[in-house]
Enquirer: 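Got a structure here, written out as structure tokens. Questions coming.
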Amino acid sequence: MQFQDLLAYKKSFALAMKIFHASKNFPKEEKYSLTDQIRRSSRSVSANIVESYRKRSYPKHFISKLTDSDAENSETQTWLEFAFKCDYIDQITFNDFIKDSEEVGKLLNYMINNPSKFGSN
């Protein structure tokens with residue numbers, strides 16, 4: 001199995017891409033603040049999953065990187081809330097993104113609680 005086969009990776013990557021496309025419509029004055037932050041945190045979820053998978057031979061490292069991914073996922077939810085409250089995304093988009101993020105969080109927690117199912121000793 002490759003990291004691209006992990007459901008958490010697939011879903012987090014898809015969400016990061018949805019956020020990227022939505023954030024293209026954010027105001028120019030948000031380029032170095034909200035736009036940059038939400039793109040970085042959403043992409044970091046997937047990147048940390050990849051790092052964790054590469055460290056799966058070391059259970060503590062595996063879990064540590066997954067908790068980093070979970071933290072980035074939570075940060076992304078905060079930036080989504082800012083985007084919604086600033087009227088950069090509508091209620092439907094916000095709800096859709098949050099639902100996707102919560103699903104990613106559940107998958108990450110499953111991996112954290114079941115490291116042996118992912119090749120971690």
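Fair warning: this is a prediction, and the values are worked out from it, not measured in the lab.
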Enquirer: Mind running side chain to side chain contact (heavy atoms under 4.5 Å, CB included) on F3 and I49 for me, showing each step along the way?
Expert: CA-CA 8 Å; F3 69 84; I49 291 169; 5.7 Å; no
Enquirer: From S52 OG over to L66 CG, what is the distance, rounded to the nearest 0.5 angstrom?
Expert: 3.5 Å
Enquirer: Please name the pair of heavy atoms, one in R43 and one in F20, separated by the smallest distance, quoted to 0.1 Å.
Expert: NH2-CD1, 3.3 Å
Enquirer: In Å and rounded to the nearest 0.5 Å, what is the OH to OG distance from Y53 to S69?
Expert: 15.0 Å
Enquirer: Above 12 or not: heavy atoms from other molecules or residues under 6.0 Å from CZ of R39?
Expert: yes
Enquirer: Are L15 and L6 linked, directly or through other ILVMFWY residues, by side chains that come within less than 4.5 angstrom of each other?
Expert: no
Enquirer: Supply the atom-to-atom distance L80 CG to I89 CD1, rounded to the nearest 0.5 angstrom.
Expert: 5.0 Å
Enquirer: Within the side chain of N113, is there an N or O that forms a donor-acceptor pair under 3.5 Å with the backbone of N109?
Expert: yes
Enquirer: Check whether the side chains of T93 and D90 place a donor and an acceptor atom closer than 3.5 Å, and report yes or no.
Expert: yes
Enquirer: Applying a strict under-4.5 Å side-chain criterion to I, L, V, M, F, W and Y, I'd like to know whether V45 and F13 cluster together.
Expert: yes
Enquirer: For the atom pair CE (M17) and NE2 (H21), what is the distance rounded to the nearest 0.5 Å?
Expert: 4.0 Å
Enquirer: Hey, is K31 close enough to D36 for a salt bridge, meaning N to O under 4.0 Å?
Expert: no
Enquirer: Which heavy atom in Y9 sits nearest to a heavy atom in Q4, and how many Å separate them?
Expert: CD2-CA, 3.7 Å
Enquirer: Heavy-atom count around F82 CZ within 6.0 Å, excluding the residue itself: above 12?
Expert: no
Enquirer: Do S44 side-chain atoms and R40 backbone N/O form a donor-acceptor pair below 3.5 Å?
Expert: no
Enquirer: Less than 3.5 Å apart, any donor N or O on the side chain of Y110 or K117 sitting next to an acceptor on the other?
Expert: yes
Enquirer: Test of understanding: clusters of I, L, V, M, F, W, Y form through side-chain heavy atoms closer than 4.5 Å, transitively. Do I63 and V104 belong to the same one?
Expert: yes
Enquirer: Taking C-beta and beyond as the side chain, do E51 and H61 meet within less than 4.5 Å on heavy atoms?
Expert: no
Enquirer: Taking the six-membered ring for Trp and the single ring otherwise, decide whether the centroids of F84 and F94 are under 6.0 Å apart.
Expert: yes
Enquirer: Side-chain donor-acceptor pair under 3.5 Å between T76 and S42, yes or no?
Expert: no
Enquirer: Is there side-chain contact between D70 and N48, with heavy atoms separated by less than 4.5 Å?
Expert: no
Enquirer: Run the salt-bridge test on K10 and D5 with the 4.0 Å N-O cut-off and return the result as yes or no.
Expert: no
Enquirer: Rounded to the nearest 0.5 Å, how far apart are CG of N73 and OG1 of T67?
Expert: 12.5 Å
Enquirer: F26 vs Y88 aromatic rings, parallel, tilted or perpendicular, using cut-offs 30° and 60°?
Expert: tilted
Enquirer: Distance check, rounded to the nearest 0.5 Å: I19 atom CD1 versus S101 atom OG?
Expert: 7.0 Å
Enquirer: Any chance the side chains of E72 and S41 put a donor and an acceptor closer than 3.5 Å?
Expert: no
Enquirer: Could you tell me whether the side chains of E30 and S33 share a donor-acceptor contact shorter than 3.5 Å?
Expert: yes
Enquirer: Any side-chain heavy atom of D100 sitting closer than 4.5 Å to one from K18?
Expert: yes
Enquirer: Within the structure provided, determine whether K55 and K60 are in side-chain contact (heavy-atom separation under 4.5 Å).
Expert: no
Enquirer: Report whether L108 and F62 are members of the same hydrophobic cluster (ILVMFWY, side-chain heavy atoms less than 4.5 Å apart, transitive linking).
Expert: yes
